[in-house]
Amino acid sequence: MKRLYIFLIAAMTVYLSACEKNTEGPEETIHSLKLVESYEGSNEHIEIYSQSKTLQVGYNKIWIKILDKAQENLVQVDQGFWRPVMHMPSMQHSSPHSSLVKSTDPDFTFEGYVVFTMASDEKSYWELLVEYTYNQNSVTETIGLKVNSLPKRHKNVQSFAYENEEYTIALIDPKKPKMGSNIISAVLLKSSDHEKYEEVNGWEIDLDPRMPSMDNHDSPNNKNLIQKNDKGEYIGTLNLSMSGYWRLNLKIIDSHKNVIKGEKVTKENEKSSVYFELEF
Amino acid sequence: MSHKKYSKNNKTTRKRSVINIFLYIFLLLIYLAFPHHYLSAQNNIVKESKDTAEYTHKSIHLDEITIFGKTELYTESKNQLADINKYIEGSNSINMIKRGAYAWEPMINGMGSERSNITIDGMHIFSACTDKMDPITSYVEVTNLSSVDIASGQKGNEHGMSISGSINLVRKKSDFNMKGTSGHAFIGYESANKQKITGIALENSHKKYFTDISFTYRNAANYKAGGNLEIPFSQFTKYNASAIGGYKLTDHHIIEGSIIYDHAVDVGYPALPMDVATAKAGIFSAQYNYFPKDNPFIHEWKTKVYYNSITHIMDDTKRPDVPVRMDMPGWSKTGGFYTQVHLKRAKHRINAKLSGYQNASLAEMTMYPNQGDEKDMFMLTWPDVLSSQTQLYLRDQIHLTSSVQLDFSGSLAYQHAKIRDESGFENLKIFYPDIKSSNNRLLKSLNANVLYDFSNIELSFGTGYGERAPDVSEGYGFYLFNSFDKYDYIGSPSLPNETSLESNLAISYQKNGHSLKLKGDYFHIRNHIIGKPIDGINSMTIGAKGVKMYTALDFANLFSTSLEGKVSLKEYLKWKSSLSYRIGRDNEKHNLPLIQPFSYNSELEFSKNQYTMHLAVEGAAKHKAISTYYGESPVNDYLLLNLSLRKAFNLQGYSKQLYINVGVDNLLDRRYTTFADWNRIPQMGRNIFTNLMFTF
Ligand SMILES: [Cu+2]
């Protein structure tokens, strides 16, 4: 009888010890900004921050610190203005960007975003022109920036012309796509002179993600991007049922429900003329 | 796709010969016109082997079907080296879904493996294939087994919570009988697929211990369907090794250990778009048996712990012209225990069992893009689901009088299921944004039967209620392509339990070696789980028609009936026939898929002077009640003629025997397909088998 009990206890132990292990908690994303560039001005020290250590083609959120010479305290400045400039051997041009506003974070002076439309290389380089008023003096500094190119199949920005204006759509999130539901967000900007850019409000971006390598199948239950907050960002739901390469076909729909750019994906038409790409 | 090729061949089968129709009518006439007085002329009841434990069902031939006897399985069958699929198919309760020549999926009472429990010595084992290519029966060999206990409906509730019933594969083992070393060796060949079979089994039995080991090897090329049509990707190779040992601590305490290792490689599934590179199972158990000496109640107390691990590597590397290369491996690991007492008290025979298991099922799909530098496409098709179940089972058989017996049983089980893989969980949230990663279910089962055993007549009737939880595919499957209806399937995590209300009736009449048995089983299933197409969702699999989501139908009804007759024409000549038929409909009167049409078989057995000869016909009527609604395609009638002969030779007195066995299945080389053939692949054509078995 005793043997039986021992056996029973052993049996139960095996059963219970097979119980599940604790799964680790959700990955904590620590929001710490990284220094991208620092610049020695005549009277101040300027530091440029971003979410990653480098800038790259597409949407980049940028924070700026304007410090005193000792690099200890932020200095009091007014009226920020900026302008990214691409210098190419034959020409120079700007790039879509937000206006430069006072940062909501007390550790920074200004914040805003720039959509870099191309990468720096040996012959072409980016500069960021930053202007502000310091001690009633207007200051203009020009800071060189390195913008990295994107790997293949990671297109995250596209421009197109419509009614004499140039529109640019740029992907913000997901930066790290995962299988399942992702929040997708993008900005839509327009410009008539390639210098001044303004956000387009009240439109809609139709989303149709596809996997070109698997007969262009789609994914279910995506939600079109619409503006949900006053930041100008368009937000929707992007469902990725597999890992791999996805083409996010888009249609840009204006406030009168007219499709101004992009086509429906069908058997015959593999992709829209405006799209993003992801690969993970 | 490959199945298109087969539909053309079906037309050829339609050309029926006159002989066929003739035989068919003849057989029916015999059946209908058979006079009852003929059956009641003699005495002696045909009883199937009763050497199973004392506590199994009394009327074993009414309820539980033991397909082969305790040790001499090969003497019961027409082809002594047939694989287990063919043995199981012999039961009227069972149909086999065939996706090729290997690993057929047993259906009990017209219901697939998700509604049944298949266990080995009471151990829960769960398949690792999302396409049902590896039913548990594929991991054993006939040489491992002493019997296959099939219990219909809730009579099988001892082995887990199910709707359709249970199949328990009982392992063969020696006793402590001091017989010393014995065993058998065999070798065989089958012509239709050039199958080579060989194996050996050694038993060593002593006063204090026994050890049994066996090994079987099968290797088959593509089989040929009727008319010499080669069915590509129907090859297989299988190795099976098994060991079991027992040690007698005292007269009342016995310990046992057992291992099965089954390894199949290069298995083709012609009805599916994918094959299996390897299917591996390691099945381990340890058991403790206690037989109290002078205990007036406890007769036997058995306790077992077990673990099994299944690896299923499915891919399409051998298929030409696939749009995208794909791997779909799956893993299933189960650990569990049970402890069971048999009690005896006056008129009561009580069987109480506490059991539990935990299973982890994970399957994934990787697609390899044709553009070389692109990243592989990957997802989980089973999101590492951990299912735990604890079950309490009680059964009381009350012998009211010598001829009346009541049989009550009940089970209560608690099931917990949890999605362990984060990405799989996130993927399911695409469809069900609010799901929780785990859920709990309480499952109940009740069964009540009455058995009358009069001198010539046995009558059994009863009713039962059962519940089951959705299986991993039904609950959590993600874009699982079903090549039968060409839909991608999505699981539904919040499906309700499927419940079943059943009633059954069996009557048998036996006299003078003749017998007639009529059986009927009716199931009313509520929340019947089945896939329904959903609009607006597109398939992922290239070529699929759309997406189906598992949903619970209000109800479905299934009815199965069979009639079996045995006649002793002469002492050396027996005639055996059976008819069976099923109906299955959903709540909107749509036919359910894979429901057996009117089928029959009839055989003459001649045995004299150690010769045994069988002449058998088997066939089915045209399948009219096909389920077009659920994607089923038509099936024609067929009739086959089989022939076999075995001769036993005694060597060295009676201590050794040699059995020589030859036969032909599908003698007329018909090209035919049955209702249970996946994508209607034609079945084996003329197959000549020859084999030798030497027992010592
Ligand atoms: Cu498989």
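Just so we're on the same page: letters track the sequence lines, and every chain starts at 1.
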Please identify, among B:Asp373, B:Ile537, B:Leu380, the residue contributing the most non-hydrogen atom pairs under 4.5 Å to chain A. B:Asp373

Kindly give the heavy-atom pair with the smallest separation between A:Ser241 and B:Tyr479, and that separation in Å. CB-CE1, 4.1 Å

So does A:Phe280 have more than 12 non-hydrogen atoms from other groups sitting under 6.0 Å from CZ? yes

Hey, could you give me the CD/CZ distance between B:Glu374 and A:Arg153, rounded to the nearest 0.5 Å? 5.0 Å

Would the number of heavy atoms belonging to other residues, nucleotides or ligands and lying under 6.0 Å from NZ of A:Lys223 be above 12? no

Looking only at heavy atoms, the pair that brings B:Ser539 and A:His217 closest together is O-CB, 3.7 Å

Inter-residue atom distance B:Lys375.NZ - A:Tyr245.OH, 0.5 Å rounding: 13.5 Å

Worked verdict on A:Met242 versus B:Met365 for side chain to side chain contact (heavy atoms under 4.5 Å, CB included): CA-CA 9 Å; A:Met242 296 184 91; B:Met365 176 163 93; 3.8 Å; yes

Which one wins on heavy-atom pair count under 4.5 Å against chain A: B:Thr541, B:Val324, B:Asn538? B:Asn538

CG on A:Asn221 to NZ on B:Lys429, rounded to 0.5 Å: 14.5 Å

Taking atom CG of A:Leu150 as the centre, report whether more than 12 heavy atoms of other residues, nucleotides or ligands fall under 6.0 Å from it. yes

Between atom CE of B:Met367 and atom CE of A:Met211, what is the distance when rounded to the nearest 0.5 Å? 9.0 Å

Side chain, backbone, both or neither: which part of B:Tyr338 has an atom under 4.5 Å from a heavy atom of chain A? neither

Assess whether atom NZ of B:Lys293 is packed by more than 12 heavy atoms of other residues, nucleotides or ligands within 6.0 Å. no

Taking NZ in A:Lys152 as the centre, count heavy atoms belonging to other residues, nucleotides or ligands within less than 6.0 Å. Is the count above 12? no

Straight-line distance of A:Trp246 CH2 to B:Met377 CE, nearest 0.5 Å: 10.0 Å

For A:Lys228, does the NZ atom sit with more than 12 other heavy atoms under 6.0 Å from it, leaving out its own atoms? yes

Using atom types as modelled and distance alone, determine if a side-chain donor or acceptor of A:Asp215 lies under 3.5 Å from a backbone N or O of B:Ile542. no

Under 3.5 Å, side chain of B:Asn427 to main-chain N/O of A:Gly180, donor-acceptor pair present? yes

Can you tell me how far apart CD (B:Glu426) and CG (A:Asn182) are? Round to the nearest 0.5 Å. 8.5 Å

Crowded around B:Lys532 NZ? As in, over 12 foreign heavy atoms under 6.0 Å? yes

Donor-acceptor contact below 3.5 Å, side chain B:Ser423 vs main chain A:Met179: no

